[in-house]
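Have a look at the structure below before the remarks.
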Amino acid sequence: MQADRETLFKRLWDQYRAVTPSADRIHRILAGAEDGGIRNDHIALRTFNLEKVNLDRLAAHFTALGYEAAGEYHFEAKKLYARHFEHEDPAAPRVFISELLVERFSPGLQRIVAGLVEQVEPQAVAGADFPCSGRPWQIDYDSYRQLLTESEYAAWLAAWGFRANHFTVSINHLSRFDSVEAVNAALKDQGFAINASGGEVKGSPEALLEQSSTMADRAEVRFSDRTVEIPSCFYEFAKRYPMASGELYGGFVAASADKIFESTDAAA
Ligand code: OOG
Ligand code: NI
C-alpha cells in the first residue's frame, strides 16, 4: 500500500516538475545542503463537479491509499467546493481537492465543459494513474479563451487536466527558514514573483496557518488548433501552528485558500 502511495506521489511530482521549472530551483534555495529534507505539507488537484470526474471520483484514488476525508470549504465568489484528505502517516502530504460548480455558470461555459467531460473514458477515471493523467480531452484555443472570461479556474483545468497544480513545502520541517516572511524574502531575492493577492503572507498565527505561494510558471499547451504558453503550476509554502491540544493545526483556511487559487492567474 505504501509503495502504491509513493508511486502515485512520485508520478505527480515528476508531472508537476515537467511544467514547473521553478520547483527544482526553489528546492535548492530552501533545502540548501541538506537536500532531501523537504517535507510536503500538501498537494492540490482541481476538477469539474460533473458526475464522471467529480471530487469524489478523484478522492477515491486517495481513500484507496488510506486517506480520510477531513475539512470542507466553500468558495462562493469563485463557485468552488473543496475538501481535504489526511493520512495517518505524518509523512504523507495532505491532499486538497476542489471542484468547479459548473451549473452556476453561463450556458456557454456549461456547454464547453460538458463537451470536454464527454470525451473522458470512464475506465480512465478508474485507472490508478487518473490523478496524474493530465488532460483527457481536446480543446481549441478559442474555447480556452472563452472559459477564461468567466473562470480562470475553469480555463486552467480545461488546459491542464488532472495533475497536482502545486506542491507545498512544510516550513515547520525546514531547518534554514522558520517563517513565511523569510521564505518569501529569499525567493524574491532570487527573482521569484510571490502571489500578492490578499497580502504576500496569507493567514496568521491566530488562524493557525500561514501560507504564501509563487505565481505559476508558464509552459506551452498544445490546443487542438495551436500551441500557446499559459500559466502552469506554482509552489506554495505553509507554516502550521499548534492548537490548544499542542497538536499542529491540520486544516486549511478558506479565506487564504481563496487567494491561493489566484496563483495560476496570468501575472498582472
Ligand atoms: C488550491 C488553492 C487552495 C491552499 O493551500 O489553501 C490551496 C488550488 O489552487 O487548486 O492550495
Ligand atoms: Ni495549497
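When a ligand or atom number is given, it counts from 1 through the structure's own listing order. Computed from a predicted model, the values in this text were never measured in an experiment. Only this structure's heavy atoms are used, side chains among them; waters, hydrogens and symmetry mates stay out.
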Going by the angle between their ring planes, with limits at 30° and 60°, are Phe96 and His42 parallel, tilted or perpendicular?
tilted
Enumerate the atoms of ligand 1 whose separation from the nearest heavy atom of [X] is less than 4.0 angstrom.
X	answer
Gln211	4 (C), 5 (O), 6 (O)
Phe234	9 (O)
Phe96	1 (C), 3 (C)
Phe252	4 (C), 5 (O), 6 (O)
Glu236	4 (C), 5 (O), 7 (C), 11 (O)

Nearest to [atom], what protein heavy atom do you find, and at what distance?
atom	answer
atom 6 (O) of ligand 1	Ala257 CB, 3.1 Å
atom 9 (O) of ligand 1	Arg46 NH2, 2.7 Å
atom 1 (C) of ligand 1	Phe261 CE2, 3.4 Å

Tell me whether Asn165 has any N or O atom under 3.5 angstrom from an N or O of ligand 1.
yes
So, Glu236 and the Ni ion (ligand 2): N/O/S under 2.8 Å, yes or no?
yes
Does His42 come within less than 4.0 Å of ligand 1, judged by its heavy atoms?
yes
Are the side chains of Glu72 and Arg83 in contact, using a 4.5 Å heavy-atom criterion?
yes
Are any of the side-chain heavy atoms of Thr227 and Arg222 separated by less than 4.5 Å?
yes
For the rings on Tyr81 and His74, is their centre-to-centre separation under 6.0 Å?
yes
Would you say the rings of Trp156 and Tyr153 are close, in the sense that their centroids are separated by under 6.0 Å?
no
Value rounded to 0.5 Å, distance of CD1 in Ile112 from CH2 in Trp137:
12.5 Å
Decide if atom CG of Asp178 counts as having more than 12 heavy atoms of other residues, nucleotides or ligands within a radius under 6.0 Å.
no
Rounded to 10°, how many degrees is the angle NE2/His166-the Ni ion (ligand 2)-NE2/His42?
100°
Okay, side chain of Gln15, backbone of Phe162: is any donor-acceptor separation there less than 3.5 Å?
yes
